[in-house]
Trainee: 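Starting off with a structure, shown below.
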Amino acid sequence: MDTVAHTTPVDGGLTWRNGFAALSPAFHTRLQPRPLPAPYWVGRSLPVARELGLSDAWMASDDALQRLTGNRLFAGGDALASVYSGHQFGHWAGQLGDGRAILLGETTAGLEVQLKGAGLTPYSRGGDGRAVLRSSIREFLCSEAMHGLGIPTTRALAVTGSDAPVRREEVETAAVVTRVAPSFVRFGHFEHFLHSGQHAELKTLADYVIDRYYPECRDSTAFNANPYANLLCAVSERTARLLAQWQAVGFCHGVMNTDNMSILGLTIDYGPFQFLDAFDPGHVCNHSDSGGRYAYNKQPNIAYWNLFCLGQALLPLVGEQDLAMAALESYKTVYPEAFERLMGAKLGLTEPREGDRALIESTCKLLAQHRVDYTLFWRHLSQHVAGGPVDPVRDLFIDRAACDAWLLQYSEHTREVSLRPSADLMLKTNPKFVLRNHLGELAIRRAKLKDFSEVDTLLGLLHSPFDEHPGFDAYAALPPDWAAGIEISCSS
């Protein structure tokens, strides 16, 4: 009987259509990644590979390793770095751009593939165009962790390493993250063309984004059927829902500059992020943020400030300031409604009831006053409602009387709520596993010794963070004391 030989296609067999690359040179510079010597695998996300149509066999190959490090080119791609500007820490920073990210192209699956850390670009601004191992591991894991939590995000296909030296505060080693998203267009892209006076290019970009990602904005009769006002409204609403999800899960972004805000409402650019340990509404996760601009409790207002900057950038197209302001108003409605709904789900409130908001507020106040571990509180409460003991909840409090008083308030509010649906909702809403800083740090320490087992373990847990994963309870425990001393800055 004849047999057919099955071979793994060269460069994974990806096919490309390259939408953003079709825009004029005003938007980007074509260039190629710069090779790194002797690359090695640090981590791979097979779910992302499969979404792109890449086989597990190719993802295990040397061909994949070389291409996802930037040492070989994909046939049919159109590599480029894009230009944008932005406000950083509240101040206009002028022209920025992809200083170390190179877009390889857009696949026919509608996903752009980008290498971060692949070398110098015209927008590197005195930098070296490289990324280091520690920050690359953090971005790789957190991108996939956020997806596992159901929060809109860029994805990470892989991270590769090399012993090539990279100088930051000290000499470190290089790494490349392969990022995947429908688009990497940011608020700062629009700001760039406003501030440079390129209004024709501003319109081209807005039309591209509308036609490619928001076609409903052409048909809507809202805002005098103005497609650009409709775009601003749609982005505001997506951003509002994103921020509600961040706040509900206790996620701190750390660098909410306008150039780090996605036009699609995705979490993008993982720098000094953190999931809260002890609940502190004023927590600042970025050691570089000396003024606390991006504290956890300020994130919703910062997002609106950034949207206001986007509105200013779109004003030449919207035409009327009042129309732009009206489009931004949706944020003020969508965010609190989404946040209250998500927090209600965390409490197992399957249907809205009078007094829900007061219970949510008293719960957050209690957690803040007693600095209770945020993730563990919600998970233990979920397990208690599902029929487990109450002691794990009480044990999170030094002042157990305060916890008991709240538990009484909670039971009175939910006495007519069916426990089984509430427990199911809570266990699907309150994760057991998040990427705590100390877990990422332990994975990084091992990776520096060429042991990537912790990266793999964390990736598996974070892809399904609501599951129990028996035998891995240590990854869902209280952080060690030394975790409080971890400092993450913008340096990467």
Trainee: Out of Arg167, Arg34, Arg168, which residue meets the salt bridge (Lys or Arg N to Asp or Glu O under 4.0 Å) rule with Asp128?
Mentor: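 Considering Arg167, Arg34, Arg168, a salt bridge (Lys or Arg N to Asp or Glu O under 4.0 Å) with Asp128 is found only for Arg168.
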Trainee: Measure from the ring center of Tyr294 to the ring center of Phe89 and say whether it is less than 6.0 Å.
Mentor: yes
Trainee: When you measure from the centre of the six-membered ring of Phe273, is the NZ or CZ of Arg138 closer than 6.0 Å and no more than 45° off the axis?
Mentor: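 Yes.
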Trainee: Determine yes or no for a side-chain-to-main-chain donor-acceptor pair under 3.5 angstrom, with Thr154 supplying the side chain and Ile268 the backbone.
Mentor: no
Trainee: Could you give me the CA-CA distance, side-chain angles and deciding distance for Lys450 and Asp163, then say whether salt bridge (Lys or Arg N to Asp or Glu O under 4.0 Å) is met?
Mentor: CA-CA 10 Å; Lys450 302 289 178 65; Asp163 290 338; 3.3 Å; yes
Trainee: Please tell me whether Thr153 and Tyr270 have a donor and an acceptor in their side chains that are separated by less than 3.5 angstrom.
Mentor: yes
Trainee: My understanding is that only one of Glu144, Glu139, Glu112 makes a salt bridge (Lys or Arg N to Asp or Glu O under 4.0 Å) with Arg155; could you say which?
Mentor: Glu144
Trainee: Please report the closest heavy-atom contact between Leu31 and Pro122, naming both atoms and the distance.
Mentor: CD1-CD, 4.1 Å
Trainee: Indicate whether the side chain of Ser382 and that of Asn430 have a donor and an acceptor atom separated by less than 3.5 Å.
Mentor: yes
Trainee: With under 30° as parallel and over 60° as perpendicular, where do the rings of Tyr84 and His189 fit, or are they tilted in between?
Mentor: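 Rings of Tyr84 and His189: tilted, 30 to 60°.
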Trainee: Can you tell me if Asp98 and Ser82 form a side-chain donor-acceptor pair at under 3.5 Å?
Mentor: yes
Trainee: Run the side-chain hydrogen bond (donor to acceptor under 3.5 Å, both in side chains) test against Tyr410 and tell me which residues pass, sequence neighbours left out.
Mentor: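 Partners of Tyr410 by the side-chain hydrogen bond (donor to acceptor under 3.5 Å, both in side chains) criterion come out as none, since no residue qualifies.
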Trainee: Check for a donor-acceptor pair, side chain of Gln299 on one end and backbone N or O of Gln247 on the other, with a separation under 3.5 Å.
Mentor: no
Trainee: Check for me whether the distance between the ring centres of Phe397 and Trp406 falls short of 6.0 Å.
Mentor: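 No - the distance between ring centres of Phe397 and Trp406 does not fall below the 6.0 Å cut-off.
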Trainee: Evaluate the ring planes of Tyr40 and Phe452, with Trp represented by its six-membered ring, and classify them as parallel (under 30°), tilted (30 to 60°) or perpendicular (over 60°).
Mentor: parallel
Trainee: Checking Arg67 against Trp58: charged group under 6.0 Å from the ring centre and within 45 degrees of the axis?
Mentor: no
Trainee: Partners of His384 by side-chain hydrogen bond (donor to acceptor under 3.5 Å, both in side chains), sequence neighbours excluded?
Mentor: none
Trainee: Would you check if the distance from the ring center of Phe20 to the ring center of Phe184 is below 6.0 Å?
Mentor: no
Trainee: Under 30°, 30 to 60°, or over 60°: which ring-plane class applies to Tyr331 and Tyr335, parallel, tilted or perpendicular?
Mentor: parallel
Trainee: Step by step, work out the salt bridge (Lys or Arg N to Asp or Glu O under 4.0 Å) result for Arg436 and Asp373.
Mentor: CA-CA 11 Å; Arg436 295 179 186 264; Asp373 189 272; 2.8 Å; yes
Trainee: Test Ile102 against every option in Leu120, Val176, Thr121 by the side chain to side chain contact (heavy atoms under 4.5 Å, CB included) rule and name the one that passes.
Mentor: Thr121
